[in-house]
Amino acid sequence: MNAAAVTKRQQTLQRKLLAWYDRNGRDLPWRRSKDPYAVWLSEIMLQQTQVATVMPYYERFVRRFPTVHVLAAARIDAVLKLWAGLGYYSRARNLHKAAAEIVREHDGRFPDSVEALRTLPGIGRYTAAAIASICFGRRAAVVDGNVIRVLTRLFNISDDVRKPATVNRLWGIADSHAPARRCGDYNQAIMELGATVCTPGATARCDICPLQAQCAARKAQTVAELPRKSAKAVVRHETHIVAAICADDRWLIRRRPSDGLWGGLWELPSAQVSGAATVEAVRRLARSLGVPRCTVSTQPFCVSNHQLSHRLIRFTGYRCSLQGTEAADSMNADLRWVTLAQFSKLGISQAMRRIAEALGAGESNDRGTRSISRRQSRHGKPVRSAGTPRAASRRIA
DNA sequence: AATTCGGGGGC
DNA sequence: GCCCCAGAATT
């Protein structure tokens, strides 16, 4: 908030960063205009996600939803479908909500202040400042993972950056250094420096850094140790079962509740179990879906480990064939019967995609035969999800 | 202040 | 394997 006391040193940093950025800034799709919609979308996608990962998703998304009006009018399923695989799906749900809000409350125009932007779902202090500075020329500093690295090194700050108090301190420092003019470029410059030069650990390229003469960590030879982070929480291990319930060539799928993990995405019904994966647990899951009687394969068709940042989930999938013709709860809009091809085109997580592929590999190989078969891909290599024990990689029909 | 949210790039 | 990533919302 305080732009009053701008020191000579701050001006030097601003000038060097901007000059460096003018020469070395990457040509990214969302930098080609100051259209707040494009910038907003990119900033949301880039949350905790690297540029290289975002690129194809961004291109697809703007092609399908070119304006905030188109996005606001879309169904959430269509949005999640294009987001599928990118992770952190609340971003997509909040994006959709915010689009509707912008159209409804702001006549389709983006708010141009940090405070007003901040009220939109999915827009926190970083994203609000990024949009306000880049699109509307506001003087608003940003702090992200890149800026944390650059600032802790520039000022040789060894506080634990996992503590909110440390990050708050960095927000203050960032704010005191943000220039009144070209603040959007300045913000992108310091992030670009963190992404391409002031990189983590020993990969930092201090030799080509425009701020090497000003860097306290370089002088103190602490670059590789900064930023300092306390140990992160240990990953919990969980066991989940998957019920692949089949009637003819259709599978019962369900939409996950909109909050929580993989919220709003479709899945082959799954559930966490406390002990080991069992056929009994699968039967219970099937019953809860309105499938009272079915035959559950004794051998799983797939065991797949899925690593998340804070937990490791082991999915064990079982085939279930329906007895009789009773349908699952037909009044439940979150349940559907679809072919595997249809399923793969819906918004589903990467974890579920792998499970569905294991299921499909077994299908295609089993076509026309009842024999025990080793699942194979088209390339002839055995299909085996990460961590699958060999014994479980074959299915007994 | 601590947890919860995904998935992949790059070493 | 490991660390990290243009963070936000919830508890």
Side-chain angles (χ1 to χ4, degrees), chain A residues 25-26 28 30-31 39-58 80 83-95 97-98 117-131 133-134 140-150 160-168 171 174 184 186-196 198-204 224-225 227-236 256-265 305-313 347-354 386-387:
Chain A
R26 290 169 292 181
L28 302 174
W30 46 87
R31 283 185 180 157
V39 172
W40 170 54
L41 175 60
S42 72
E43 292 298 348
I44 300 296
M45 284 190 167
L46 286 163
Q47 287 168 9
Q48 297 295 287
T49 312
Q50 298 183 160
V51 168
T53 304
V54 163
M55 206 78 84
Y57 285 89
Y58 177 84
L80 284 172
W83 206 275
L86 195 54
Y88 286 142
Y89 299 95
S90 67
R91 294 185 294 176
R93 297 192 302 273
N94 284 332
L95 193 80
K97 277 187 209 158
L117 286 163
R118 184 71 185 71
T119 67
L120 292 167
I123 297 188
R125 59 177 174 175
Y126 163 81
T127 306
I131 297 172
S133 64
I134 295 170
V142 296
V143 172
D144 73 333
N146 293 306
V147 176
I148 286 173
R149 196 161 48 247
V150 172
D160 179 5
V161 298
R162 281 215 161 85
K163 290 188 182 306
T166 304
V167 177
N168 286 334
W171 271 93
Y186 172 85
N187 284 338
Q188 295 187 82
I190 191 167
M191 290 190 284
E192 189 88 342
L193 189 74
T196 63
C198 195
T199 48
T203 65
E225 307 157 24
R228 220 197 96 229
K229 297 184 179 182
S230 52
K232 56 179 175 183
V234 293
V235 297
R236 298 193 311 276
R256 295 177 60 86
S258 60
D259 55 342
L261 187 64
W262 297 309
L265 298 187
N305 288 328
H306 193 76
Q307 180 79 59
L308 292 80
S309 23
H310 52 298
R311 49 178 157 162
L312 178 63
I313 301 179
I348 61 177
S349 68
Q350 287 300 91
M352 199 49 62
R353 186 167 297 284
R354 287 195 202 98

Between [options], which nucleotide has the shortest distance from any of its atoms to the side chain of [X]?
X	options	value
A:Met191	B:dG6, C:dC5, C:dA6	C:dA6
A:Tyr88	C:dC4, B:dC5, B:dT4	B:dC5
A:Asp144	C:dC3, C:dC5, C:dG7	C:dG7

Atom pair distance, as rounded to whole Å: CZ in A:Arg162 and P in C:dG7: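 Atom CZ in A:Arg162 sits about 14 Å away from atom P in C:dG7.
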Give the rounded distance in Å between these two atoms: CZ of A:Arg256 and C1' of B:dC5.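 Result: 12 Å.
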Hunt down any stem DNA chain B takes part in, defined as 3 or more consecutive Watson-Crick or G-U pairs whose two distances are each under 3.5 Å.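 In DNA chain B, stems of three or more pairs: B:1-5 with C:7-11, B:7-11 with C:1-5.
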With a 3.5 Å cut-off and heavy atoms only, can you find an N or O donor on one side and an acceptor on the other between the side chain of A:Thr127 and the base of C:dG7?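 Per atom types, no contact qualifies.
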Can you find a donor-acceptor N/O pair under 3.5 angstrom joining the side chain of A:Tyr126 to the base of C:dG7?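 Answer no: no donor N or O sits under 3.5 Å from an acceptor.
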List in chain and number order the residues that pass side-chain contact (heavy atoms from CB on, under 4.5 Å) with [X], two or more places apart in sequence or in another chain; answer none if no residue qualifies.
X	answer
A:Thr203	A:Thr199, A:Pro200
A:Arg31	A:Tyr21, A:Arg26, A:Leu28, A:Gln188, A:Glu192
A:Val150	A:Ile190, A:Leu193, A:Cys198
A:Ala92	A:Val79, A:Leu80, A:Trp83

Is the backbone N or O of A:Ser230 less than 3.5 Å from a side-chain atom of A:Asp160, with the two atoms forming a donor-acceptor pair by type?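 At least one qualifying donor-acceptor pair exists.
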Does OP1 or OP2 of B:dG7 have a side-chain N or O of A:Trp262 closer than 4.0 Å?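 A:Trp262 to B:dG7 OP1/OP2: side-chain N or O found under 4.0 Å.
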Could you name each residue pair satisfying side chain to side chain donor-acceptor pair (under 3.5 Å) that touches residues 49-58 of chain A, not counting sequence neighbours?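 Residue pairs with at least one partner in residues 49-58 of chain A: A:Thr49-A:Arg91.
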Does [X] have any side chain to side chain donor-acceptor pair (under 3.5 Å) partners at least two apart in sequence or in another chain, and if so, which?
X	value
A:Thr127	A:Gln47
A:Gln48	none
A:Arg125	A:Asn168

[Y] side chain reached by [X] side chain, heavy atoms, under 4.5 Å:
X	Y	result
A:Asp144	A:Leu46	no
A:Ile123	A:Glu43	no
A:Tyr126	A:Val142	yes

May I ask you to say what A:Gly260 touches in the nucleic acid, namely base, sugar-phosphate or nothing, with a heavy-atom cut-off under 4.0 Å?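 Since only primed, P, OP1 and OP2 atoms lie under 4.0 Å of A:Gly260, the category is sugar-phosphate.
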Heavy atoms under 4.0 Å, any strand shown: does A:Ile148 hit a base, just sugar-phosphate, or nothing?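 Result for A:Ile148 = nothing.
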Might you list the N or O atoms of the protein lying below 3.5 Å from N or O atoms in nucleotides 9-11 of chain C, with each pair's distance?
from  : atom 1 : to       : atom 2 : distance (Å)
C:dA9 : OP1    : A:Gly122 : N      : 2.5

Going by heavy atoms closer than 4.0 Å, what residues in residues 40-48 of chain A are next to DNA chain C?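 Those residues are A:Glu43, A:Leu46, A:Gln47, A:Gln48.
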Table of protein N/O atoms under 3.5 Å from nucleotides 9-11 of chain B N/O atoms:
from  : atom 1 : to      : atom 2 : distance (Å)
B:dG9 : O4'    : A:Gln50 : NE2    : 2.9

